[in-house]
Each structure stands twice: as structure tokens, then as C-alpha cells.
**Student:** 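Pasting a structure here, questions to come.
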Amino acid sequence: MNWQSIHKAISSLTKQTSVIGLNEAAFKVISPLLDSLNYRLYYNYHGRSNQFQLIAQNSDAKPCDKEVKLIDELTDGKCHYGQYLDDDSQHYFFITNNQYCICLIVIDNQTLASDKQTSILPIINTLIEVWCNQLELLFYFQRDVLTGLFNPNVFVEAINHTSFEQVSDTSHTGPRIALERRGMAAKDCYAVALINIDNFAEVNERFGHTIGDEILIKLAHILQTSFRSSDLLCRYTGEEFAVLVQSPYEHTVQLILERLMEQIRTAHYPKVDNLTVTMGYTIALDGLLASELIDRARLSLQKGKAEGKDQIVAYSSFNDEETDKPFNQSLEIGEIELF
Ligand SMILES: Nc1nc2c(ncn2[C@@H]2O[C@H](COP(=O)(O)OP(=O)(O)OP(=O)(O)O)[C@@H](O)[C@H]2O)c(=O)[nH]1
């Protein structure tokens, strides 16, 4: 690899603005370099749940005991993966996104016979460093500082499907690496829910903003443990959270939110004895814009606030979805004739 192609590879990584796009670009530039080596590539399929799977390899050799132990430790979340281990027999490259290890590449030393092969390692190392730095930048760019949840831009972008498209790479000849779909596909069904803390101004007034902040962090933690990693969690405004729940069924979404409501009600918070929230949600229908979905969830939330708080309101409970079909859908089924 000459300097020109290294420069091209680095610039293709640094211009990525979505995690999925970045991972795709990184696999694309690193895979051809790995082709001449004996390696195994493990990918953490569910991000925060640490499910490492071998997804690409260029060797029939079985992983040694040390490698197996390392994968076990990563899966259990016990491994301090920050370091680059340069073992006698293997090189380990950890790709981390600030919080989690998303990928581990293990290269067997036996394959590094020629100078050419040995000189590939620093290049791989450099590209992985750029990859990790960019992941970290994206992490801060997309997250709310206090809670670590996604910010509203990511949330809206996810509804609009721009950064959550399927990733698969067919354009190089190396091992094909297909990443999971992490977000909502165009035809997937999901619900948009807004979760707003009740009487939070009073909490701040009585106990101060520091306690208020701790409660927000605690709530974010409850959301993270309550939802699946495929659902998208966001701090939407100061004391309001938004969630994309991946489910086509309203009754399932209702059950999920009821379970969350109970968890929030029974959790322990600093100073505050009991905390309640009001939730409003709507099922996403084909053709509705992100802003329309959020407006529907907000209307439902406002209804819940006006009717006494501490409750869950579905948009469908006060709006007939049949008479409120999106324009495109009505056109498709011939309800509207243009001329
Ligand atoms: N501690 C803390 N408070 C915040 C933050 N962002 C917003 N808030 C507070 O959230 C409160 C929101 O107040 P309101 O909009 O009146 O809502 P509320 O008191 O919860 O009333 P209802 O929503 O009607 O139940 C205000 O006191 C804000 O200062 C934050 O980052 N930290």
C-alpha cells in the first residue's frame, strides 16, 4: 500500500458521519490488507450486550486458548480492551467506540514471514486508530452529554432512515462482512414514544439542579436496561426522553411502556420518594414524516398531562387511524382521485 492509497483510506474514514457508514468504510479499507494474513475478525453484534461472533477469517487454524479466553472476557464485559496486545504468537487489534468494544481482529504471527507482510501491521494499526478516533468523535457528536443517550438529531435521522440503512459490502474481493441492521428499515414498523417527567420543576426547586441531574441520569439508565439494544433511546429535551420502539403491534408497545412505567415508579432516586412520568406514543405509518410522528406523540403526551399525568396515552386512543390515513396510503387504495 503506497502513501497515496493510505491517504485515500484515511480520508474515506474521516469523512464518515454515521457509525454504520464508518464501520462499513473501515472494513472496506482494512479487508484487502488482511487478505495476505491469517486472521480472525470478531464483531460485537448487539453493541452494548457484548455478543461477539466470529464473522470473517482467513485461516483454518483454531483460535488458541488465550484468544478463546479473551473473547469470553469481552463477552462478559470483563476485559480491559483498551490496550493493544502484541503477543509472541498473535497481534490483537481492538476497535472500541469509547464505551464498548465493537470489533476484535486477531492476526496470527506465523503468517508474518515476509517483510511485506510485517510492514502491513503498522498500516493496519494506523487505520484502526483513525477508525477508533472517528468512532469516539461520532459518539460525542451524537450523544447527550449528561445521560449518554442519543441527541434529537440522531433520533429524527433514524426516523428518516438516513443513518440506519442496511450495511453490506460487495465491492471488494476480501471476506464479505455484512453488518446487522441496527435501525429501522423503511418497511419495519415501529412506534415513537415521548416520556416526560411529571412535576420536574418542583423537584429542581426543592432539591436543586444537581439532584435533578442525578434523577435524569438514573432515568436514562432505567431506559437502557428496559429497552432492547435495537430500540433507539434519546434525550429529546431537558426532562423529556424519546424512544423508537421496534414493534409493529400497538398492544406490544403498550405493554413495553407499561413495564417501563412500573420500573420508573418503583426505582429509588436521590431525595425523591416517588417519581412518575407521562408517556405519549404513536405507531409509525408508512408515509408519515418524522415531524408528524413526533407531533402525534406530543399530542398524546399533552393529553396525558392534561388528564392528570402518570399515564400512557396512545395517539390511536383519541384519533381514528382509519380516517387519518396518510395521503400516499389513501391514494394507493384509491380513496382519493386526483382528477
Ligand atoms: N436538573 C435539570 N433540570 C432540567 C434540565 N433540563 C430541564 N430541566 C428542568 O425541567 C423542568 C421542566 O419544567 P416544566 O416544563 O414546567 O415541567 P414539569 O414541572 O415537569 O411539569 P409537567 O411536565 O407539567 O409535569 C424545569 O424546571 C427545567 O429547569 C436538566 O438538564 N437538568
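In each ligand, atom 1 is the first atom listed, and ligand 1 is the first ligand listed.
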**Student:** Can you confirm whether the side chains of N2 and S5 place a donor and an acceptor under 3.5 Å from each other?
**Tutor:**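 On atom types as modelled, these side chains qualify, holding a pair under 3.5 Å.
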**Student:** Under 4.0 Å from a heavy atom of N196: give me the atoms of ligand 1 that qualify, with their elements.
**Tutor:** 23 (O)
**Student:** Which ligand 1 atoms, with their elements, are less than 4.0 angstrom from a heavy-atom of G212?
**Tutor:**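 Reading through ligand 1 atom by atom, the close ones are 1 (N).
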**Student:** Out of D213, T237, N204, I215, whose heavy atom is nearest to atom 9 (C) of ligand 1?
**Tutor:** N204
**Student:** Which ligand 1 atoms does D198 reach within 4.0 Å, using its non-hydrogen atoms?
**Tutor:** 20 (O), 25 (O)
**Student:** Which option wins on minimum heavy-atom distance to atom 19 (O) of ligand 1: A306, G208, A201?
**Tutor:**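 Nearest option to atom 19 (O) of ligand 1, by heavy atoms: A201.
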**Student:** As a check for students: among R235, K309, E240, identify the option with a heavy atom nearest to atom 5 (C) of ligand 1.
**Tutor:** R235
**Student:** With salt bridge (charged side-chain N to carboxylate O under 4.0 Å, His left out) as the test, would you mind laying out the steps for E67 and K62 before giving the verdict?
**Tutor:** CA-CA 10 Å; E67 188 176 322; K62 284 208 157 162; over 6 Å; no
**Student:** Go through it in stages, so that I can follow the logic: the residues are E262 and R259, the test is salt bridge (charged side-chain N to carboxylate O under 4.0 Å, His left out), and I'd like the CA-CA distance, side-chain angles, deciding distance and then a yes or no.
**Tutor:** CA-CA 5 Å; E262 194 50 30; R259 186 188 59 193; over 6 Å; no
**Student:** Can you name the atoms of ligand 1, numbered from 1 with element, that are less than 4.0 Å from a heavy atom of I197?
**Tutor:** 20 (O), 23 (O), 25 (O)
**Student:** Taking all non-hydrogen atoms of both residues, which atom of Q311 and which atom of G304 are closest, and how far apart?
**Tutor:**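 Scanning both residues, the minimum pair turns out to be NE2-O, 3.4 Å.
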**Student:** Can you report which non-hydrogen protein atom sits closest to atom 22 (P) of ligand 1, along with the distance?
**Tutor:**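 So the nearest neighbour among protein heavy atoms is K305 NZ, 3.4 Å.
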**Student:** Would you tell me whether D144 and T147 have side-chain atoms, one donor and one acceptor, within less than 3.5 Å of each other?
**Tutor:**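 Yes, because at least one side-chain N or O of D144 sits under 3.5 Å from a partner of the opposite role on T147.
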**Student:** Has ligand 1 got any nitrogen or oxygen that is less than 3.5 angstrom from a nitrogen or oxygen of L216?
**Tutor:**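 No, no N or O pair falls under 3.5 Å.
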**Student:** Charged N to carboxylate O under 4.0 angstrom, R206 versus E202?
**Tutor:** no
